[in-house]
Asks: 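I'd like to ask you about the structure that follows.
Per chain, numbering begins at 1; letters A, B, ... match sequence-line order.
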Amino acid sequence: MATERYNAPDREPHWQKEWEKADIFRASNKDLRPKCYVLEMFPYPSGRIHMGHVRNYTMGDVFARYKRARGFNVLHPMGWDAFGMPAENAAMERKTHPGTWTMANIETMKGQLKSMGLSLDWSREIATCSPDYYRHQQRIFLDLLNKGLAYRRSSKVNWDPVDMTVLANEQVIDGRGWRSGALVEQRELTQWFFKITAYSDELLDALGTLDKWPEKVRLMQANWIGKSEGMLVRWALDKKSAPKGFSELEIYTTRPDTLFGASFMAIAADHPLAKAAAEKSPELAAFCDECRRMGTSVADLETAEKKGFDTGIRAIHPFDKEWKVPVYVANFVLMDYGTGAIFACPSGDQRDLDFARKYHLPVVPVILPPGEQQATFTVGDKAFDGAGTMINSRFLDGLTTTEAFDEVAKRLESTKLGKKPVGERKVNYRLRDWGISRQRYWGCPIPVVHCDDCGVVPVPAKDLPVRLPEDATFDKPGNPLDRHPIWKHADCPKCGKKARRETDTMDTFVDSSWYYARFTSPDAKTPLDEEAAAHWLPVDQYIGGIEHAILHLLYSRFFFRAMADSGHGSRSNLREPFAALFTQGMVTHETYKREGSDPAQWLLPSEIRIEGEGASRTATEVATGAPVEIGDIVKMSKSKKNLVDPDDIIAHWGADCARWFMLSDSPPERDVIWTEAGVQGAGRFIQRIWRIIDDLADKAAPRGAEIPAVLGPEALELRRASHKTVDAVARNIEGLRFNVAVAGLYEYSNALSAALTKQSNGLDVILREAGEILVKMIAPMMPHLAEECWARLGYNTLVANEAWPAADPALLVDDQVTLAVQVNGKRRDEIVVPRTSDAKAVEAAALALESVRRALDGKAPKKVIVVPQRIVNIVA
RNA sequence: GCGGACGUGGUGGAACCGGUAGACACACAGGACUUAAAAUCCUGAGCUCUCUGAGCGUGUGGGUUCGAGUCCCACCGUCCGCACCA
């Protein structure tokens, strides 16, 4: 008996080589077995993998390996989201080329991923920064352009005047650029857009079909799309008060039913009418400026009170020429939603009510909430925005809210102002088109040329890819493509005259909007091989972080459709790319900072030592012996330095240990706390499995031994446990409840070690079965250890190629069942009866119990409820 | 403000469709082995009490039910998302 400890760091590379030699994870497009496409969100090659990657890829790998064992033809590819800002920043800081930096990172991280023992098909590897990838993206872009799904328009951007670059909203902090600290300007810039709004309804409706997506993500996307059904209503302006050239004001409302509660109109500071009015009033102009400044900072918005300024303009109520309503510029009205103008009904909208109270504007209740009396109903400081009965609303009085909406719509649609109807029904969306222009180097070039005569001219398909110039410079701010001496000079493909290349590159979300589809045919001459796409797609299980709930996942859903509609679909006419989505939680860790440091000086977990337990735990810095404060448990991050390096864990404990830890205890969708104790626990379990198999290999019957017809009780008990566990673990892996599967495996190994000390008829044969079952069950989770155990059991094959063990249904049910016995709902005892006992026999057995008689205290039971195989409840 | 999720031992968490609450693990305590330690193995443990028994117990308070962690209502707390969306 070899009682040596299992040396994971020594054995893991061996098995990784064996898998590679056997090339077992390569997926064939021609395989006839049912397919299963398992995908984890591909990483940005930032330099090294982190624990979040370890968790994400472990989950995907368990699922992929399990599905392989279940006989599926599994596609499990990996690639690199390789374009993006950090590479350019690194280029600036270290004077390397973004491409060099990125490729070096990919090499490192690929090695790290390999050391995790993932069952990946590396033959399909994609890096989005490779011209072999982005040439196809450019091709798709041109086809979208052709279909009108890509277009240019002027739009406002956050401009950093120091870095000379456009910033995303999240890069603007307190009105300043996140890197430069410069005050961000709002600039009008002509930008490229994708027409995602053309799919608003489809994207919203199809959410209903994504039943294997988390409800939370679907809800977030639905809110993001933000569909509302309302009306556009044109209000005539009182001629005497209106600026020249303005005769009406068009507003958007979702509550035309409350039209008779109108108290004032409110328009955005950027509304043309506001601008016109401001020309004559310096005070108004000043107010508008103030509103615009507010727009930059979210923190200001949160605390800002509702403010307005009376323009002096009066609007005429659509149902009453004599009724004039003041027009205010208000800081809470947004120019880019609806028409940038609203009518306000204070009794039905809290915001309007606050405003009306502040400026002493009329508040007329028009909806009587259910259960209220009109005579006594008054509006205090709470608006009522629910459904009810119309009051104070002339011809609408007595109608329900919905009926009133329809009635107003009907009347406004048939009334004319000028030549057009006063009102029309209008569905509005919060969703805006996707701006994809980035004034940066390290992204996919937008393949068009600007010609003075011909305008925007697409680069002909035969000239793709438009490659990034290798010799760009990164020594100063601004767009390296724009200042490159020759790159942007191109001849117009149409007329041949000198023209300028587009110097914007695409948002990296474009790259990740179709990589999953490219994996199905990574070498195809066209963006997609429609046969391969039809074969593999949709992705059967997609796994990634919740932070991509909206943008990446919504863009991908859009882009996949847009591709299909511009000639790059799958043969199966699929619309949704991801059939099932799982969002895993973050990896968190305690934080450590030098005592009394302010600003905090954080220390790495590896730089400190912890003593004591529980509340009396203290930490000191290893290098200096200085005291260290133990802080909150938060997401692992560079800034808090609460990082554990996967390489260190793998080198010391092995990949299986890291994988097992990631799967244990915490439900996968919740955050997991990385602790040293947890790693040790996982490490102990690995040794325990090894000892069990080692011991079992000596005690068990030889391979292929027949299971005897009659088994001793211990043997039968173990056999039942084996088959029950197979069944439970399978169901838990299918449902991605890895922590529950892990608990089942712990329980099973307890049963197995106990069985190893027993004697029973046929036990040796059952031990052999049990050992093989155990190894096959841990194989998806701890694949290296499983191979080692498989070899110890006498095989020279790979357990990675073995089928998942079949659970015998006959062994999943027991002959005897234990029933709890309750008296008046309180558990008093339990009885063991044959599973097939009838209710009468169970009742008799329960009533005969001493504990039951004592609880009944001589009283006769009123009623006895017997739930077969579950419980007996005696009602006294 | 709106929307959503979640509250279970010292800790992470389990509990299928309303049927024995606390599986499994971590931490802890005791024991075995050892010169000793580590490792390993065994045992114990929700809380309380008048302790061979009983009471209480899944954030709080109600309700439905023979029976509620699970369903319903109200409240409290924590976390997340969106944010003046007309």
Asks: Measuring only the P atom in each nucleotide, how far is B:rU34 from B:rC16? A whole number of Å is fine.
Replies: 47 Å

Asks: Which salt bridge (Lys or Arg N to Asp or Glu O under 4.0 Å) pairs, counting each pair once, include a residue from residues 223-232 of chain A, with sequence neighbours left out?
Replies: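 Salt bridge (Lys or Arg N to Asp or Glu O under 4.0 Å) check on residues 223-232 of chain A returns A:Asp201-A:Lys227.
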
Asks: P atom, B:rA68 versus B:rG18: distance in rounded Å?
Replies: 14 Å

Asks: Can A:Arg234 and A:Glu248 be counted as an ion pair, charged N to O under 4.0 angstrom?
Replies: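 Counted as a salt bridge, because a side-chain N and a carboxylate O are separated by less than 4.0 Å.
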
Asks: Side-chain donor-acceptor pairs under 3.5 Å in residues 734-741 of chain A, sequence neighbours left out?
Replies:
from	atom 1	to	atom 2	distance (Å)
A:Glu734	OE1	A:Lys67	NZ	3.2
A:Glu734	OE2	A:Tyr66	OH	2.9
A:Arg737	NE	A:Asn732	OD1	3.0
A:Arg737	NH2	A:Arg731	O	3.3
A:Arg737	NH2	A:Asn732	OD1	3.4
A:Asn739	ND2	A:Asp665	O	3.4

Asks: Between A:Tyr746 and A:Trp660, does the ring centre distance come in under 6.0 Å?
Replies: yes

Asks: Pull out every protein N or O sitting under 3.5 Å from an N or O of nucleotides 65-69 of chain B, one pair per line with the distance.
Replies:
from	atom 1	to	atom 2	distance (Å)
B:rC66	O2'	A:Asn873	ND2	3.1
B:rC66	O2	A:Asn873	ND2	2.7

Asks: Is the ring pair A:Tyr328/A:Tyr359 parallel, tilted or perpendicular, if the boundaries are 30 and 60 degrees?
Replies: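 Rings of A:Tyr328 and A:Tyr359: tilted, as their planes differ by 30° to 60°.
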
Asks: For A:Tyr337, report the nucleic acid contact type (base, sugar-phosphate, nothing); a contact means any heavy atom under 4.0 Å.
Replies: base

Asks: Which listed nucleotide (B:rG12, B:rG19, B:rC85) is nearest to the side chain of A:Ile871?
Replies: B:rG19

Asks: Rounding to an integer number of angstrom, what distance separates B:rU35 and B:rG44 when you compare their C1' atoms?
Replies: 29 Å

Asks: What interatomic distance, in whole Å, is found between C1' of B:rC24 and the corresponding atom of B:rU8?
Replies: 15 Å

Asks: Counting any heavy atom closer than 4.0 Å, what does A:Arg854 reach on the DNA or RNA strands: base, sugar-phosphate only, or nothing?
Replies: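 Touches sugar-phosphate only.
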
Asks: Provide a list of protein-nucleic acid N or O atom pairs under 3.5 angstrom, restricted to nucleotides 1-5 of chain B.
Replies:
none

Asks: Identify whether any heavy atom of A:Asn739 sits under 4.0 Å from a base atom; if not, whether one sits that close to sugar-phosphate; answer base, sugar-phosphate or nothing.
Replies: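 Result for A:Asn739 = sugar-phosphate.
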
Asks: Of A:Asp336 and A:Arg827, whose nearest nucleotide on RNA chain B comes first from the 5' end?
Replies: A:Arg827

Asks: When you measure from the side chain of A:Lys826, which nucleotide among B:rC85, B:rC16, B:rC56 comes out closest?
Replies: B:rC56

Asks: What are the two closest heavy atoms between A:His317 and A:Ala262, and how far apart are they?
Replies: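 Between these two residues, the closest heavy atoms are CD2-CB, 4.3 Å.
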
Asks: I'd like to know if A:Asp349 and A:Arg351 make a salt bridge, using a cut-off of under 4.0 Å between side-chain N and carboxylate O.
Replies: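 Yes.
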
Asks: Can you measure A:Phe685 atom CZ to B:rC41 atom P for me and round it to whole angstrom units?
Replies: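 My rounded result for the distance is 11 Å.
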
Asks: Answer yes or no: is there an ion pair linking A:Glu843 with A:Lys840, defined by an N-O contact shorter than 4.0 Å?
Replies: no

Asks: Starting the side chain at C-beta, find the nucleotide from B:rC24, B:rC85, B:rG19 nearest to A:Asn750.
Replies: B:rC24

Asks: Check this for me: does any side-chain nitrogen of one of A:Arg691 and A:Asp695 sit under 4.0 Å from a carboxylate oxygen of the other?
Replies: no

Asks: Fill in the dot-bracket string of RNA chain B, one character per base: . for unpaired, | for a pair to another strand, ( ) or [ ] for pairs within the strand, taking Watson-Crick or G-U pairs under 3.5 Å.
Replies: (((((((..(((......[....))).(((((.......))))).((((...))))..(((((..]....))))))))))))....

Asks: Distance check, P atoms only: B:rU20 and B:rC28, in whole angstrom units.
Replies: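 B:rU20 and B:rC28 have their P atoms separated by 32 Å.
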
Asks: Side chain of A:Arg870, heavy atoms from C-beta onward: which of B:rG19, B:rA86, B:rU40 has the nearest atom to it?
Replies: B:rG19

Asks: Under 4.0 Å, heavy atoms only, any strand: does A:Arg828 hit a base, just the sugar-phosphate, or nothing?
Replies: sugar-phosphate

Asks: Starting from the 5' end of RNA chain B, give me the residue, A:Val821 or A:Thr253, whose nearest nucleotide shows up first.
Replies: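 In this pair, the answer is A:Val821.
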
Asks: With P as the reference atom in both, quote the distance from B:rG62 to B:rC17 in angstrom, rounded to an integer.
Replies: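 To the nearest whole Å, 29 Å.
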
Asks: Under 4.0 Å, heavy atoms only, any strand: does A:Arg684 hit a base, just the sugar-phosphate, or nothing?
Replies: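 Contact class for A:Arg684: sugar-phosphate only.
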
Asks: Please report the interatomic distance CZ(A:Arg659) to OG(A:Ser664), rounded to the nearest 0.5 Å.
Replies: 12.5 Å

Asks: Please list residues of residues 667-676 of chain A whose heavy atoms come under 4.0 Å from any atom in RNA chain B, ordered by number; otherwise none.
Replies: A:Pro667, A:Arg670

Asks: Taking any heavy-atom pair under 4.0 Å as a contact, classify A:Val333: base, sugar-phosphate, or nothing.
Replies: base

Asks: When we call it a touch if two heavy atoms are under 4.0 Å apart, what does A:Ser753 touch: a base, just sugar-phosphate, or nothing?
Replies: nothing

Asks: Between CG of A:Leu663 and CD1 of A:Ile733, what distance do you get to the nearest 0.5 Å?
Replies: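 Taking CG in A:Leu663 and CD1 in A:Ile733, the distance rounds to 9.0 Å.
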
Asks: To the side chain of A:Val740, which of B:rA15, B:rU20, B:rC84 is closest?
Replies: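 Between B:rA15, B:rU20, B:rC84, the one nearest the side chain of A:Val740 would be B:rA15.
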
Asks: For the P atoms, the ones on B:rC73 and on B:rC6, what distance do you get once it is rounded to whole angstrom?
Replies: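 Pairwise P distance, B:rC73 against B:rC6, rounds to 15 Å.
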
Asks: Output the single nucleotide from B:rG81, B:rC16, B:rU20 whose closest atom is nearest the side chain of A:Glu830.
Replies: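 Shortest atom-to-atom distance from the side chain points to B:rU20.
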
Asks: Using the C1' atoms only, state how far B:rC2 lies from B:rG55, rounded to an integer number of Å.
Replies: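 The answer is 45 Å between these two C1' atoms.
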
